[in-house]
Amino acid sequence: LFGAVNVLLVAGRKPDRHAISVVLGATCVLWAARVMLQVAYPQGSMSFALQYGMLAVFVGVTTCYAAALFLVVRRN
C-alpha cells in the first residue's frame with residue numbers, strides 16, 4: 001500500500017515535497033522495523049540461505065527508501 005502511494009505521489013502532476021517526505025519517512029520506519037524483526041525473529045529459519053537472503057533484501061529495500069528520503073529532503 002505504501003509503495004502504491006509513493007508511486008502515485010511521485011507520478012502526479014505536481015508532486016508535493018512535504019507529502020512525499022512524510023510517506024517516504026513512514027515507509028522507512030516500517031521497513032526498518034521489518035529488518036529488526038527479521039534479526040530478532042527470523043523467517044525462513046529452516047534454510048540458512050533463505051533466512052539471510054531475506055535479511056539482505058530487507059536491508060536493501062530499507063536502504064533504497066532511506067536514500068530516496070534523503071534526496072527528497074535534501075533537494076532545495
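We're numbering straight along the sequence, starting at 1. This one's a predicted model, so the numbers in the text were calculated from it and none came from an experiment.
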Undergrad: Within this structure, what is the CG-OG distance for the pair Leu71 and Ser21, rounded to the nearest 0.5 Å?
TA: 11.0 Å

Undergrad: How long is the gap from CE on Met54 to CD on Gln43, to the nearest 0.5 Å?
TA: 4.0 Å

Undergrad: Test of understanding: clusters of I, L, V, M, F, W, Y form through side-chain heavy atoms closer than 4.5 Å, transitively. Do Phe48 and Leu50 belong to the same one?
TA: yes

Undergrad: So among Val35, Leu30, Val29, which one has a side-chain contact (heavy atoms from CB on, under 4.5 Å) with Thr62?
TA: Val35

Undergrad: Could you report the tightest heavy-atom contact between Arg17 and Val72, atom names first, then the distance?
TA: NE-O, 3.1 Å

Undergrad: What's the separation between atom CD1 in Ile20 and atom CZ in Arg75, rounded to the nearest 0.5 Å?
TA: 6.5 Å

Undergrad: Under the side-chain contact (heavy atoms from CB on, under 4.5 Å) rule, what do Trp31 and Thr27 come out as? Steps first, then yes or no, please.
TA: CA-CA 6 Å; Trp31 276 101; Thr27 306; 3.7 Å; yes

Undergrad: Could you list the residues that satisfy side-chain hydrogen bond (donor to acceptor under 3.5 Å, both in side chains) with Gln51, not counting sequence neighbours?
TA: none

Undergrad: Is a side-chain donor or acceptor of Arg34 paired with a backbone partner of Phe58 at a separation under 3.5 angstrom?
TA: no

Undergrad: Mind checking whether Val57 and Leu55 sit in one hydrophobic cluster, side chains of I, L, V, M, F, W, Y counted as touching below 4.5 Å?
TA: yes

Undergrad: Out of curiosity, does Leu37 fall in the hydrophobic cluster containing Val61 (side-chain heavy atoms, cut-off under 4.5 Å, transitive links)?
TA: no

Undergrad: Cluster question for you: counting only ILVMFWY and a side-chain heavy-atom cut-off of under 4.5 Å, with indirect links fine, are Val59 and Met36 together?
TA: no

